Amino acid sequence: TAIGCEALFSNTSGDKNTVIGHNAMYSNTTGYENVASGFQSLFSNTSGRGNVASGYQAMYSNTTGSSNVAQGSRSLNANTTGVFNVAIGNATLRSNTIGDSYTAVGRAAMNANINGKENTANGGSTLLRNIDGNYNSAVGFAALEFNTSGDDNVAVGYKSLAANTT
């Protein structure tokens, strides 16, 4: 099902997709069981499957990444092949490209993350600058905000461990 100008424009054999929005899932060829809602959501998806993207350019760069959920403007925007990620809030996991198994909830949570593993961020600006840190958990506004590559941290509370970098 496609509703919107050039929605599912390139689709060849992908099926069971539900798409609403201008250019939503524009590049999809074989991807299936996806839901895209919003201007250019899942725009670059070619064969990714089981994704849910809602919001302006949500999961815009995704090509083959599967089983992701992105809710909010530009959430998981740069994701290309990452799988099993959940991003809820504007610009959450915006820079993630190949990282897997994240949960980010709150405006700009894990915004700079590119390829770390299995991080959890709950709250606005949590793990905001994390690039490749692994196995971190941050709960509360700006917790672990400046962490870039530190591993195995747990921060709970407003700006807890905010200055931690590595």
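Small disclaimer: the values here were computed from a predicted structure and weren't measured. What's counted below: heavy atoms across the whole structure, side chains too, no hydrogens, waters or symmetry copies.
Once rounded to the nearest 0.5 Å, the distance linking CG of Asn136 with CG of Asn153 reads 4.5 Å. In this structure, CG in Asn130 is found 10.0 Å from CG in Asn164, a value given to the nearest 0.5 Å. Note that CG of Leu8 and CD1 of Ile20 are 11.0 Å apart. Values are rounded to the nearest 0.5 Å. Taken to the nearest 0.5 Å, the CG atom of Leu144 stands 11.5 Å off from the OG1 atom of Thr120. The distance from atom CD1 of Ile3 to atom OG1 of Thr1, rounded to the nearest 0.5 Å, is 7.0 Å. For the atom pair Asn45 CG and Ser66 OG, the distance stands at 7.5 Å (nearest 0.5 Å).
In terms of the side chain to side chain contact (heavy atoms under 4.5 Å, CB included) criterion, residue partners of Gln40 (sequence neighbours excluded) are, by chain and number, Asn23, Phe43, Gln57, Tyr60.
Closest approach of Ser41 and Ala36 over heavy atoms only: OG-CB, 3.4 Å. When all heavy atoms of Asn119 and Gly133 are compared, the closest pair comes out as ND2-O, 2.7 Å. Of all the heavy atoms in Phe141 and Arg107, the pair that sits closest is CE1-NH2, 4.2 Å. Contact detail for Asn51 and Gly65: the closest heavy-atom pair is ND2-O, 2.8 Å. For the residue pair Asn68 and Leu76, the shortest heavy atom distance occurs at CB-CD1, 4.1 Å. Scanning both residues, Thr92 and Ala87, for their nearest heavy atoms gives OG1-CB, 3.2 Å.
Phe39 belongs to a hydrophobic cluster whose other members, connected by ILVMFWY side-chain contacts under 4.5 Å either directly or through intermediates, are Tyr56.
Looking only at distances, no side-chain donor or acceptor of Asp100 sits under 3.5 Å from a matching main-chain atom of Gly82. The backbone N or O of Thr30 lies less than 3.5 Å from no partner atom in the side chain of Ser13, so there is not a single donor-acceptor pair. No donor-acceptor pair under 3.5 Å is formed between the side chain of Asn122 and the backbone N or O of Val139. A donor-acceptor pair is defined here as one N or O able to donate and one able to accept, closer than 3.5 Å; no such pair exists between the side chain of Asn90 and the backbone of Gly72. The backbone N or O of Thr80 lies less than 3.5 Å from a partner atom in the side chain of Thr63, making a donor-acceptor pair. Using a distance-only test at 3.5 Å, with no hydrogens or angles considered, a donor-acceptor pair links the side chain of Ser61 to the main chain of Asn77.
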For this session: Starting from the C-alpha separation in whole Å, work towards a yes-or-no answer on side-chain contact (heavy atoms from CB on, under 4.5 Å) for Asn147 and Thr165.
Result: CA-CA 4 Å; Asn147 189 75; Thr165 57; 5.9 Å; no

For this session: Show your reasoning for whether side-chain contact (heavy atoms from CB on, under 4.5 Å) applies to Ile88 and Val86.
Result: CA-CA 7 Å; Ile88 300 173; Val86 176; 4.0 Å; yes

Problem set entry | Full working for side-chain contact (heavy atoms from CB on, under 4.5 Å) between Asn28 and Thr46 | CA-CA 4 Å; Asn28 192 76; Thr46 55; 6.0 Å; no

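Crowding of Tyr158 atom OH: a count of heavy atoms from other residues, nucleotides or ligands under 6.0 Å not exceeding 12.
Residue pairs that meet the salt bridge (Lys or Arg N to Asp or Glu O under 4.0 Å) test with at least one member in residues 145-154, sequence neighbours left out, are Arg129-Glu145.
Transitive grouping of hydrophobic side chains (ILVMFWY, heavy atoms separated by less than 4.5 Å) brings Met110 and Leu161 into a common cluster. Tracing side-chain contacts under 4.5 Å through hydrophobic residues (I, L, V, M, F, W, Y), one never reaches Tyr26 starting from Met59; they form parts of separate clusters.
Inter-residue side-chain proximity for Met25 and Asn34 is flagged as met; some heavy-atom pair is nearer than 4.5 Å. When side chains are defined from C-beta on, Asn79 does not count as touching Thr97, because their heavy atoms never get closer than 4.5 Å. Counting heavy atoms from C-beta outward, Asn85 and Val69 have side chains that stay 4.5 Å or more apart.
In the model, Asn113 has a side-chain atom that pairs as donor or acceptor with a side-chain atom of Asn96 under 3.5 Å.
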